[in-house]
Amino acid sequence: MDVVSEEPNMSVRPLRRNSEGKFSSRSLRLNNNIISDLQGLTDTLPALFTEPKRLAWLDLSFNDLSHIHPVLTELTELRVLYLHGNSVSNLSEVDKLGTLPFLHTVTLHGNAMETVQGYRGYVISAVPHLKMMDFSAVTKQERVMASIWHRGGRGLKSTKKIKED
């Protein structure tokens, strides 16, 4: 499937396009596909959107991603990122998301990394602006505990890659 040539599903609100046929939206849903690599996303976004760097909401849930691709760190306006239901097993992959200054909502449940002890605290410490994680609010207490945990030097020493069955 080629995202650029594929026509988006109809929604309640009609999608606005400019004279070149590009969308003026700030959100993109690529969920429920068989995407295993995000290589080429930086080339695809300008073909789809009038302002690709302003993408704020990206749904990549229920795909076959095993890594958090560095291309996501180029989306500096990103506020909401859905990655649940993928195949990410290494918790340290989340560190890449810490560079996104406006990211406040992320979903990662349904990935193998979810079974690592301290999963939630690790993600909260790695992504400092989180308000919601896995559809659950991040509390002040969780933020304090994650900060203490992070300062305590636990970090990656306690996060091993999950063995795949």
Side-chain angles (χ1 to χ4, degrees), residues 3 25-46 48-49 51-165:
V3 174
S25 177
R26 293 189 65 198
S27 63
L28 178 61
R29 292 181 180 176
L30 295 172
N31 56 309
N32 295 292
N33 286 288
I34 312 169
I35 299 169
S36 59
D37 191 358
L38 296 177
Q39 190 98 22
L41 184 64
T42 4
D43 297 329
T44 303
L45 293 178
L48 292 173
F49 296 105
E51 297 181 81
K53 292 287 186 188
R54 297 204 60 220
L55 189 68
W57 194 89
L58 180 58
D59 186 350
L60 292 166
S61 61
F62 300 108
N63 278 293
D64 196 27
L65 297 170
S66 59
H67 299 284
I68 295 175
H69 198 283
V71 71
L72 295 177
T73 63
E74 297 173 24
L75 304 173
T76 56
E77 294 281 324
L78 204 59
R79 286 158 168 70
V80 177
L81 178 61
Y82 290 171
L83 288 169
H84 58 278
N86 276 284
S87 305
V88 182
S89 58
N90 194 337
L91 193 52
S92 66
E93 290 287 320
V94 175
D95 294 343
K96 298 170 190 171
L97 302 178
T99 63
L100 296 170
F102 302 110
L103 186 64
H104 61 72
T105 300
V106 70
T107 60
L108 294 162
H109 61 280
N111 284 278
M113 71 166 106
E114 181 183 31
T115 62
V116 174
Q117 185 176 2
Y119 153 76
R120 187 169 171 90
Y122 186 93
V123 174
I124 293 168
S125 70
V127 187
H129 305 294
L130 273 188
K131 294 178 184 167
M132 293 287 288
M133 180 184 160
D134 294 341
F135 300 116
S136 177
V138 174
T139 66
K140 287 180 185 177
Q141 182 179 1
E142 284 179 311
R143 195 172 310 287
V144 168
M145 293 306 290
S147 173
I148 292 168
W149 181 79
H150 186 72
R151 273 189 309 221
R154 292 192 183 129
L156 296 179
K157 292 175 201 158
S158 64
T159 58
K160 302 277 188 226
K161 185 174 181 175
I162 301 297
K163 290 182 183 175
E164 295 172 12
D165 297 332

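Keep in mind the model is a prediction, meaning the values are calculated, not measured.
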[atom1]-[atom2] distance between [X] and [Y], expressed to the nearest 0.5 angstrom:
| X | Y | atom1 | atom2 | value |
| --- | --- | --- | --- | --- |
| I35 | S61 | CD1 | OG | 10.0 Å |
| K140 | E142 | NZ | CD | 13.5 Å |
| L28 | D59 | CG | CG | 8.5 Å |
| L130 | I124 | CG | CD1 | 7.0 Å |
| L45 | E51 | CG | CD | 13.0 Å |

So which heavy atom on [X] is nearest to which on [Y], and how close?
| X | Y | result |
| --- | --- | --- |
| K96 | T73 | O-CG2, 3.2 Å |
| S125 | A146 | CB-O, 3.5 Å |
| N86 | F62 | ND2-N, 4.0 Å |
| L100 | L75 | CD2-O, 3.4 Å |
| D43 | P46 | O-CD, 3.4 Å |
| V94 | A126 | CG1-CB, 4.0 Å |

Full working for side chain to side chain contact (heavy atoms under 4.5 Å, CB included) between L60 and L72: CA-CA 11 Å; L60 292 166; L72 295 177; 4.2 Å; yes
Residues M113, L108; criterion side chain to side chain contact (heavy atoms under 4.5 Å, CB included); working and verdict: CA-CA 8 Å; M113 71 166 106; L108 294 162; 4.1 Å; yes
Stepwise side chain to side chain contact (heavy atoms under 4.5 Å, CB included) check, H69 with D37: CA-CA 7 Å; H69 198 283; D37 191 358; 3.3 Å; yes
So do the side chains of [X] and [Y] get within less than 4.5 Å of each other, counting heavy atoms only?
| X | Y | result |
| --- | --- | --- |
| F49 | L55 | yes |
| L83 | V88 | no |
| N111 | E93 | no |
| Y122 | S92 | yes |
| M132 | V138 | no |
| L91 | V123 | yes |
| T42 | E74 | yes |
| V106 | V127 | no |

Flag, side chain of N63 to backbone of N33, donor-acceptor distance under 3.5 Å: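 The answer is yes, because a donor-acceptor pair under 3.5 Å joins these two groups.
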Sequence-distant partners of T107, side chain to side chain contact (heavy atoms under 4.5 Å, CB included), two or more places apart: Y82, H84, H109, D134, F135
Any pair counted as salt bridge (Lys or Arg N to Asp or Glu O under 4.0 Å), so long as it reaches residues 79-90, sequence neighbours left out: E77-R79
R143 atom CZ, neighbour heavy-atom count above 12 within 6.0 Å: yes
